[in-house]
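Notes for the one structure printed next.
Atoms considered below: every heavy atom in the structure, side chains included; atoms not considered: hydrogens, waters and symmetry mates. Treat the numbers as computed from the prediction; the structure is a model and nothing was measured. Reminder, nothing fancy here: chain letters follow the sequence lines and each chain counts from 1.
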Amino acid sequence: MTPEELSAAISASLHQAVDAGELTVPADKVPANVRVERPKSREHGDWATSVALQLAKPTGLAPRAVAEILAARLAKIDGVAKVDIAGPGFLNITVDTAAAGALAKAIVEAGSTFGRNDSMAGSKINLEFVSANPTGPIHLGGTRWAAVGDSLARIFQAQGAEVTREYYFNDHGNQIDRFARSLLASARGEAAPEDGYGGDYIAEIKDRVLAIEPGILELDEEQAQERFRAVGVDLMFADIKKSLHDFNVDFDVYFHEDSLHKDGAVNGLLERLKKSGHLYFHDGAWWLKSTDFGDDKDRVVIKSDGNAAYIAGDIAYFSNKRDRGFDLSITMLGADHHGYVARLKAGAAGLGHDPAMIEVLIGQMVNLVKDGKPVRMSKRAGTVVTMEDLVDQVGTDAARYSLSRFSSDSNIDIDLDVLTKKSNENPVFYVQYAHARTKAVDRNAEAAGVDRSAFDASLLSHATESELLAQLGAFPTVVADAAKFREPHRVARHLEVIAGSYHRWYDACRVTPQGEEPITDVNRTRLWLNDATGQVLANGLDLLGVSAPDRM
RNA sequence: GCGUGAGUAGCUCAGCAGGAUAGAGCGUCCCUCUCCUAAAGGGAAGGUCGCGGGUUCGAAUCCCGCCUCGCGCACCA
């Protein structure tokens, strides 16, 4: 019996009590689903719920009176062994050992599908993340979104959604021109332009461009810069793709901003906007009346020099996504872009789109720390720590895990020295080790002749088994919540809880008998639980894009 | 100034869809491998949940105010 099943059964009991006239509750006050929690203290049973407390007010009854009515019905639920009323009106539920233990077999039989469901089936989601400018390698901030974004995509997919991972490639505009000028300056042995880029990678890209186009410096200024731009951006972008691939993140679509301008999408969009009445002409520029949609000021869409402002491309881009049939466009941005949310939604609304279809997830910054002091990362100064640097030092698994186990609302500080030195203490190893351990137990069980020919759930009666089963049972809900709240870190945190429960069980309960002890159904049944744990850990690590090694 | 995110153990952070005695990892101090992986487990120490009000049976969690820190507030992208 999983907490979900228990919750559903309690809900049903609640409705029966209402139908039977034992409780009088306004329809809108009946909780849609009853929250079932694992109590902190063992004495409080296997599961607890505070519905009775919540229903006290709407029913006009004392909390304990509500609890008593519900307790009588809950006790009849199949698999419930005992129901106690405690404190102000908590319902503490003890589940029948066999009912709880049945989960072990169910998980093994579900295999990689355990934790998946089809609650988001039919929804087409465009998830855009990273989208770093191709003017340099992906730095730590982008690395964070690569880890979190890809995990979120996996989590959505686990809920049955159809997800397109998309990278918006800003290959149009000033930044790119600066990048090209920086390459050209480097090729001529000049210092980087004032507003250009100066990292070591510039010289490296420059060399590669020269190798591809040896005659490039013979061209006139404008042509040379154009070739450096075209070839340089391609090289940079290839590097970015490779870094991402090595990071176990592969995008379905790399969308080029430039294409929106070349194929006339931006111009077409501007014409549509002008007709929509959401644009007005002022001071030589065309403004979007974004204040009508909650922005704090109106935004220029066509500059007085006649060029489209950046936002024009973004609105056209959203329109493009919409045309490709997505029901939901999620964009992940760093906190340094959060001021952009309102105008983006305003732009879409101006085109008649439902702003609810655009969701912008803002993630806080990642800072580089050295010797306890923050180090400013600057692309110009070349002091960036890149995705490649991080992976080289700690590996993909540790890098991805350590970036995705935090809430995106938190700023995170990365101290490369600490991360490297303490890599063995990274929680990822704790979780991976638990998985490897389940495999080791498997190997030993097989060698000793313990097989899965018997399963008697009632034998999983040790306190550590009850705890482990409970945490395994919570996994699907955790994944569903991670999808609902767009918070992949919930999965990582729960895996840590499962790993801890498993390690404690391992210490308390043997699968393979020692010495001359006979093999019994206890051993065989425990093997199922061991395998179930390995399966859940593997499923969870997969959602994070982290490997689940068989040996460590 | 306005907007926005954060402030919880020595450190890094969970918990924030209100619930019982506030958690984990790391660090510190004890203890546990002749027996399935000790990258583990058990125990100890460590807290005015930034501050002050409010809401209610109950607040780290919700509301208001204040303080501190990050980020943003272009006809740049």
Side-chain angles (χ1 to χ4, degrees), chain A residues 31 33 35 37 39-41 43-44 48-50 53-54 56-57 62-63 86-90 92 133 135 170 172-178 195 257 282-287 296-297 299-305 307 309-311 313-314 334-342 362-365 367 372 374 402 405-413 415 418 422 424-427 429-430 432-434 436-445 447-448 450 481 484-485 489-490 492-494 496-497 499-500 502-515 517 523 526 530 551-552:
Chain A
N33 49 9
R35 281 179 71 85
E37 292 174 335
K40 287 164 195 155
S41 168
E43 295 102 65
H44 294 149
T49 175
S50 60
L53 260 30
Q54 289 157 23
K57 186 160 285 176
F90 290 103
N92 291 334
N133 286 347
T135 54
N170 295 116
H172 181 91
N174 288 343
Q175 313 266 37
I176 293 294
D177 294 341
R178 288 177 193 164
D195 57 356
E257 180 190 4
H282 176 70
D283 282 350
W286 284 90
W287 297 71
D296 48 5
K297 58 178 79 162
R299 305 290 169 178
V300 168
V301 180
I302 306 174
K303 297 186 275 186
S304 51
D305 65 5
N307 287 321
Y310 180 75
I311 184 176
D314 252 5
D336 51 344
H337 289 95
H338 83 263
Y340 216 67
V341 179
I362 297 299
Q364 298 304 310
M365 314 302 282
N367 306 304
S402 55
R405 71 187 289 271
F406 297 115
S407 160
S408 293
D409 287 337
S410 298
N411 285 82
I412 52 181
D413 296 332
D415 185 328
V418 172
K422 296 192 174 176
N424 279 348
E425 292 155 13
N426 190 310
F429 297 107
Y430 184 75
Q432 286 184 316
Y433 182 70
R437 203 175 222 189
T438 65
K439 295 299 178 181
V441 168
D442 254 351
R443 291 189 292 268
N444 288 308
V450 180
D481 284 349
K484 184 174 167 197
F485 298 110
H489 77 274
R490 289 167 182 264
R493 297 290 173 162
H494 190 63
E496 290 167 28
V497 170
Y502 175 73
H503 288 310
R504 276 183 287 279
W505 172 68
Y506 172 91
D507 275 338
C509 301
R510 292 189 57 92
V511 171
T512 303
Q514 41 184 330
E517 287 174 13
N523 305 102
R526 283 178 179 168
N530 177 75
R551 296 172 196 273
M552 285 176 75

Quote, to the nearest angstrom, the P distance that separates B:rA44 from B:rA22. 15 Å

With distance as the sole criterion, is a donor-acceptor pair present between the side chains of A:Asn530 and A:Tyr502 under 3.5 Å? yes

Aromatic ring centroids of A:Tyr430 and A:His503 under 6.0 Å? yes

Residue A:Arg504, side-chain atoms from C-beta onward, closest of B:rU12, B:rG41, B:rA39: B:rG41

So, OP1 or OP2 of B:rG41: does either fall under 4.0 Å of a side-chain N or O from A:Tyr430? yes

Taking atom P in both B:rA9 and B:rU56, compute the distance separating them and give it to the nearest angstrom. 30 Å

Set of residues satisfying side-chain contact (heavy atoms from CB on, under 4.5 Å) with respect to A:Asn523, sequence neighbours excluded: A:Val450, A:Pro513, A:Ile519, A:Thr520

Regarding the side chain of A:Ala285, the nearest nucleotide among B:rC71, B:rC75, B:rA14 is B:rC75

Tell me what A:Ala445 touches on the nucleic acid: a base, only sugar-phosphate, or nothing, going by heavy atoms under 4.0 Å. nothing

OP1 or OP2 of B:rG5 sitting under 4.0 Å from any side-chain N/O of A:Ser408? no

Does the structure show A:Phe90 stacking with B:rA20, if we require the centres to be closer than 5.5 Å and the planes to be within less than 30 degrees of parallel? yes

Rounding to a whole Å, what distance do you find between A:Asp409:CG and B:rG70:C1'? 13 Å

Pick the P atom in B:rG27 and in B:rC62, then give their distance to the nearest Å. 33 Å

Using atom P of each nucleotide, how far apart are B:rA59 and B:rG53 to the nearest Å? 14 Å

How far, in whole Å, is B:rC71 from B:rA24 if one measures between their C1' atoms? 28 Å

Charged N to carboxylate O under 4.0 angstrom, A:Arg510 versus A:Asp507? no

Could you check A:Arg405 against A:His338 and say which one's nearest nucleotide on RNA chain B is further toward the 5' end? A:His338

Check every strand shown and say whether A:Ala448 touches a base, only sugar-phosphate, or nothing at a heavy-atom separation below 4.0 Å. nothing

Non-neighbouring partners of A:Asn367 that pass side chain to side chain donor-acceptor pair (under 3.5 Å), sequence neighbours left out: A:Asp413

Gap between atoms CG and P, on A:Asp507 and B:rU37 respectively (whole Å): 12 Å

Please measure how far the P atom in B:rC29 lies from the corresponding atom in B:rG65, and state the result in whole Å. 47 Å

B:rG7 and B:rU61: how far apart are their P atoms, nearest whole angstrom? 11 Å

Under a cut-off of 3.5 Å for both distances of each Watson-Crick or G-U pair, what dot-bracket string does RNA chain B give, using [ ] for crossing pairs and | for inter-strand pairs? ((((((((.[[[[.)...(...]]]].(((((.......))))).....[[[[[..)....]]]]])))))))....

